[in-house]
Amino acid sequence: MLLLENKVIIVTGATSGIGAAAAVEAARQGAKVVAASRRADRGEEVVARIRAEGGEALFVRTDVTKDDEIEALVASALRAYGRLDGAFNNAGIPGPVGTLEQISADDYRALLAANLDSIFVSMKHEIRAMKETGGGSIVNCSSILGTVGGPSFSPYVTAKHGVLGLTKAAAIDYAASGIRVNAVQPGPVSTEIWGHVKNSDPIYQAIIAGTVMGRAASSEEVARPVVFLLSDWASYITGTSLLVDGGYTIR
Ligand SMILES: NC(=O)c1ccc[n+]([C@@H]2O[C@H](COP(=O)([O-])OP(=O)(O)OC[C@H]3O[C@@H](n4cnc5c(N)ncnc54)[C@H](OP(=O)(O)O)[C@@H]3O)[C@@H](O)[C@H]2O)c1
């Protein structure tokens, strides 16, 4: 028995990095995957990879900062597969770097729109769909910066702390509807989100040095715990967050 056999799962931010890996790993575990993001060419590549392995997936072009596009994404999942069992709300951007005084209020708001408000709106539509079939499982993407602060990242830190708050609040409100809501908190993962920083950058290297394992994670090393939280193996887990951080936050 596969972990997500016949479950319909939405993955946002599925065109690269952690989200692409989660879409592939979920399909390997039997899920019908609805992959969402803005770059259609990259999304179709992920879908092709899943289909080449014998899995089932479709791509729905979605900008998670647009409420109507999120609503349309959930509607597409229902139209294609008739139900929604799970969602990994993973889309995110790195946001402005600098001290609070150096960051404009507009840039702050844009970061929150992409990394936090999008999760509120996504859960709203996903939960409505999941209630129709008696429940489901949602995993929201936070970060180690949802637990600790970090220099020059105040909007990102704010959003990722907020993701944990939304996760707990939704877990309480929807437990009676059979919906579990959890978060994942990755440590450093070598993905495109670091593109503006480059792997040799001292900020990135300092974060890696802060892990006790002394290395970044692969996207798959985050994706697999996400699949677990989406699955029925995590049936008594709700309102919590799983730190997948190589020990970054333990000291
Ligand atoms: N990498 C790390 O070290 C790390 C650590 C902790 C947490 N995280 C979190 O992990 C998540 C995934 O990031 P990643 O590291 O895998 O980076 P990534 O490769 O840059 O992936 C980000 C994904 O989000 C999508 N996205 C961004 N803005 C979007 C929007 N407005 N609408 C729809 N999709 C959007 C991107 O796709 P499109 O451009 O095609 O839309 C892309 O698929 C993020 O929430 C990030 O904050 C990453």
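We use all heavy atoms of the structure for the numbers below, so side chains are in, but hydrogens, waters and symmetry mates are not. Each ligand, and each atom within it, is numbered from 1 in the order the structure gives.
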Q: So is Ser142 touching ligand 1 or not, going by heavy atoms under 4.0 Å?
A: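 Yes; Ser142 lies near enough to ligand 1 that a heavy-atom distance drops under 4.0 Å.
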Q: Touching ligand 1 at all, Lys160? Heavy atoms, strictly under 4.0 Å?
A: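 Within the 4.0 Å threshold, so yes.
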Q: If you measure from each heavy atom of Ser219 to ligand 1, is any distance below 4.0 Å?
A: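 Outside the 4.0 Å threshold, so no.
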Q: Specify the protein heavy atom at minimum distance from atom 28 (N) of ligand 1: its residue, its atom name, and the distance to 0.1 Å.
A: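 Nearest protein contact, heavy atoms only, for atom 28 (N) of ligand 1 is Arg38 NH2, 3.2 Å.
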Q: Compute the minimum heavy-atom distance from Thr12 to ligand 1 and say whether it is under 4.0 Å.
A: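 The answer is no, since Thr12 has no heavy atom less than 4.0 Å from ligand 1.
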Q: Any sub-3.5 Å donor-acceptor pair from Asn140's side-chain atoms to Thr167's backbone N or O?
A: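 Judged by distance alone, no pair lies under 3.5 Å.
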Q: So, Glu192 and Arg39, do they make that salt bridge, N to O below 4.0 Å?
A: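 Salt bridge: yes.
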Q: I'd like to know if Glu221 and Arg215 make a salt bridge, using a cut-off of under 4.0 Å between side-chain N and carboxylate O.
A: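 Looking at Glu221 and Arg215, the cut-off is met.
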Q: Charged N to carboxylate O below 4.0 Å: is that the case for Asp85 and Lys32?
A: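 No, no charged N to carboxylate O under 4.0 Å.
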Q: One residue to check: Ser190. Relative to ligand 1, which of side chain, backbone, both or neither has a non-hydrogen atom less than 4.0 Å away?
A: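 Ser190 to ligand 1: no contact under 4.0 Å from either part.
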Q: Could you label the plane-to-plane angle of the Phe153 and Trp194 rings as parallel, tilted or perpendicular, counting under 30° as parallel and over 60° as perpendicular?
A: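 Rings of Phe153 and Trp194: perpendicular, as their planes differ by over 60°.
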Q: Side chains of Thr65 and Asp63: any donor to acceptor distance under 3.5 Å?
A: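 The criterion, which ignores hydrogens and geometry beyond distance, is satisfied for Thr65 and Asp63.
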Q: Where does Thr62 meet ligand 1, judged by heavy-atom distances below 4.0 Å: at the side chain, the backbone, both, or neither?
A: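 Backbone only; the side chain of Thr62 stays clear of ligand 1.
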Q: Is the closest heavy-atom distance from Ala114 to ligand 1 below 4.0 Å?
A: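 Contact absent.
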Q: Quick check on contacts: which atoms of ligand 1 are under 4.0 angstrom from a heavy atom of Tyr156?
A: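 Selected atoms, number and element: 6 (C), 7 (C), 8 (N), 9 (C), 46 (C), 47 (O).
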Q: Between Ile93 and ligand 1, which residue portion shows a heavy-atom distance shorter than 4.0 Å: side chain, backbone, both, or neither?
A: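 Within the 4.0 Å criterion, Ile93 contacts ligand 1 through side-chain atoms alone.
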Q: Residue-level breakdown please: for Ala91 versus ligand 1, do any non-hydrogen atoms fall below 4.0 Å on the side chain, on the backbone, on both, or on neither?
A: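 The answer is both, backbone and side chain.
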Q: Taking NZ, NE, NH1 and NH2 as the nitrogens, is one of them in Arg28 or Glu53 under 4.0 Å from a carboxylate oxygen of the other?
A: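 Salt bridge present between Arg28 and Glu53.
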